[in-house]
Peer 1: 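Here it is: the structure, laid out below.
Naming: A, B, ... by sequence-line order, numbering from 1 per chain.
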Protein chains: 2
Amino acid sequence: MTATLPQAHLSQPEPFRWAGVDLLDYKEADGTFRSVSRQTLTDAEHGQGVSLRYFEVGPGGHTTLEKHEHTHVVIPIRGAGSCLVGTEVFELKLHDVVFVPSWGWHQFRAADDEPLGFLCSVTSDRDRPVRPSADELAVLNSVPTVADFIRY
Amino acid sequence: MTATLPQAHLSQPEPFRWAGVDLLDYKEADGTFRSVSRQTLTDAEHGQGVSLRYFEVGPGGHTTLEKHEHTHVVIPIRGAGSCLVGTEVFELKLHDVVFVPSWGWHQFRAADDEPLGFLCSVTSDRDRPVRPSADELAVLNSVPTVADFIRY
């Protein structure tokens, strides 16, 4: 337990910017993503074993194509975009629920003319993502809709 | 583990109604709440130990005034309203983050002319809520802003 409880109410001085929450880079720049920010809204100290983050992908941007053992639950709350889960591509509407199972490939892309902002829940303890090998990329690229979608 | 994985993408045939998700009563009618529905969007089978529900409180309605050991993380995504956490009352804007700590009193109310719809995360295993005793109600009612807010 931490010494102080989290705040009861995180307000937004401007839309999608929560008071006292740092606006961070998505991750260390490695050329695998484009135009993504991250804010951590809740974490282990909230007592549920999960962390809730808000990611915002700028117009034309995308997250990293990756997979890992831990799961994701994703809910878009701003803008428009699409995603890959496994070998399926989905257009996203606000408040759709996306589930990324263990070891499922996934990538999120914003529309060309709108950002895509989404809540993403993960377990607080989790493994590191891995990126596709050349062989795995060849398999992904063998599916035309996936080949059209992925950026890496 | 369940035999089948949850769907990768829950779409909404109409806003705030997720495909294949039952629209349920908030809980068994007991006179402690008014005009509240519940949809369970994710649960233990999503592998995070938490359940994410969508509650919608109709205009003028409210949830039950209660407390429990488990915590809540609540994010409004529709309409307008306000809430009690502990002995504080907050006006809610869309996408604010509300944290209800262990054993914190809480109640959510919709505006008189708008619904209040919110995501609420809880651990999948959790204790049953308890309602205030007469003595506890007297303490709550000793705070004017709380006395004005609560419905029971």
Peer 1: Could you grab the distance from atom OG1 of Thr123(A) to atom NE2 of His46(B), nearest 0.5 Å is fine?
Peer 2: 14.0 Å
Peer 1: For Val73(B), which atoms come within 4.5 Å of any heavy atom of chain A: side chain, backbone, both, or neither?
Peer 2: both
Peer 1: Let me know if Thr71(B) has heavy atoms under 4.5 Å from chain A in its side chain, its backbone, both or neither.
Peer 2: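 Contact with chain A involves both backbone and side-chain atoms of Thr71(B).
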Peer 1: Could you grab the distance from atom CZ of Phe99(A) to atom CG of Leu10(B), nearest 0.5 Å is fine?
Peer 2: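 Those atoms lie 10.5 Å apart.
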Peer 1: Are His95(A) and Phe16(B) close enough, and set up right, to give a side chain to side chain contact (heavy atoms under 4.5 Å, CB included), and what steps lead you there?
Peer 2: CA-CA 7 Å; His95(A) 312 127; Phe16(B) 303 100; 3.4 Å; yes
Peer 1: In terms of heavy-atom contacts, does CG of Asp112(A) have more than 12 from other residues, nucleotides or ligands at under 6.0 Å?
Peer 2: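 Open: at most 12 neighbouring heavy atoms sit under 6.0 Å from CG of Asp112(A).
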Peer 1: Heavy-atom distances under 4.5 Å only: say whether Tyr54(B) touches chain A with side chain, backbone, both or neither.
Peer 2: neither
Peer 1: At a 4.5 Å cut-off on heavy atoms, which part of Val50(B) comes close to chain A: side chain, backbone, both, or neither?
Peer 2: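 For Val50(B), the side chain is the part near chain A, not the backbone.
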Peer 1: Can you tell me which portion of His72(B) sits under 4.5 Å from chain A's heavy atoms? Options are side chain, backbone, both or neither.
Peer 2: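 Interface part for His72(B): backbone (N, CA, C, O).
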Peer 1: Please say yes or no: joined through hydrophobic side-chain contacts below 4.5 Å, possibly via intermediate residues, are Leu5(B) and Val85(A) part of one cluster?
Peer 2: no
Peer 1: For Ser124(A), which atoms come within 4.5 Å of any heavy atom of chain B: side chain, backbone, both, or neither?
Peer 2: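 Neither part.
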Peer 1: Counting distance only, does the side-chain N/O of Gln48(A) pair as donor-acceptor with the main-chain N or O of Ser121(B) below 3.5 Å?
Peer 2: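 Looks like yes, one N/O pair under 3.5 Å.
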Peer 1: Answer yes or no: is there a side-chain heavy-atom contact under 4.5 Å between Leu119(B) and Ile75(A)?
Peer 2: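 Touching, per the 4.5 Å side-chain cut-off.
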Peer 1: Could you tell me whether Arg34(B) atom CZ has more than 12 heavy atoms of other residues or ligands within 6.0 Å of it?
Peer 2: no
Peer 1: Can you tell which of Asp96(B), Leu41(B), Leu52(B), Leu92(B) has the highest number of heavy-atom pairs within less than 4.5 Å of chain A?
Peer 2: Asp96(B)
Peer 1: Where the side chain of Gln12(B) meets the backbone of Leu94(A), is there a donor-acceptor pair that is under 3.5 Å apart?
Peer 2: yes
Peer 1: So which of Val97(A), Val122(A), Val98(A), Val74(A) has the largest heavy-atom pair count under 4.5 angstrom toward chain B?
Peer 2: Val97(A)
Peer 1: Count the heavy atoms belonging to other residues, nucleotides or ligands that lie under 6.0 Å from CG of Asp125(B), then report whether that count exceeds 12.
Peer 2: no
Peer 1: For the residue pair His9(A) and Phe90(B), categorise the inter-ring angle as parallel (less than 30°), tilted (30 to 60°) or perpendicular (more than 60°).
Peer 2: tilted
Peer 1: For the hydrophobic clusters of this structure (ILVMFWY residues joined by side-chain heavy atoms under 4.5 Å, transitively), does one cluster hold both Val21(B) and Val57(B)?
Peer 2: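 No, it is not one cluster - the side chains of Val21(B) and Val57(B) are not joined through contacts under 4.5 Å.
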Peer 1: Verify the cluster assignment for Phe33(A) and Leu84(A): are they in a single hydrophobic cluster under the rule of side-chain heavy atoms below 4.5 Å apart?
Peer 2: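 Result: no, two separate clusters.
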Peer 1: Establish whether Ile77(B) and Phe118(B) are linked, either directly or via other cluster members, by ILVMFWY side-chain heavy-atom contacts under 4.5 Å.
Peer 2: no
Peer 1: Between Val89(B) and Phe108(B), is there shared hydrophobic-cluster membership here, with clusters defined by ILVMFWY side-chain heavy atoms closer than 4.5 Å?
Peer 2: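 Result: no, two separate clusters.
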